[in-house]
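Scroll down for the structure; my scribbles are underneath it.
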Amino acid sequence: MNEKTFHALSRIGSAGIVVGIISLVVGISLGIVSIVSGACALKLKKNIMF
């Protein structure tokens, strides 16, 4: 019984680490895309005439 519990907990821990890494990568990627699109918007702001 203890061995089954140990294996289940190790899988849960591994899944948590994987989800954390994926969240980190997605967050960094979205941040970079946001900064790049903001820079492009600021560059195009000069061409807007009201």
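For this chain, numbers begin at 1 and follow the sequence in order.
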Between the main-chain N or O of V33 and the side-chain N or O of S37, is there a donor-acceptor pair closer than 3.5 Å? yes
Other hydrophobic cluster members with I35, side-chain heavy atoms of Ile/Leu/Val/Met/Phe/Trp/Tyr under 4.5 Å, chained? none
Would you list the atom pairs, donor with acceptor, under 3.5 Å between side chains in residues 9-22 and any protein atom, with sequence neighbours excluded?
{"unit_1": "S10", "atom_1": "OG", "unit_2": "F6", "atom_2": "O", "d": "3.4"}
{"unit_1": "S10", "atom_1": "OG", "unit_2": "H7", "atom_2": "O", "d": "2.8"}
{"unit_1": "S14", "atom_1": "OG", "unit_2": "S10", "atom_2": "O", "d": "2.9"}

For I28, which residues count as a side chain to side chain contact (heavy atoms under 4.5 Å, CB included) partner, sequence neighbours excluded? L24, I32
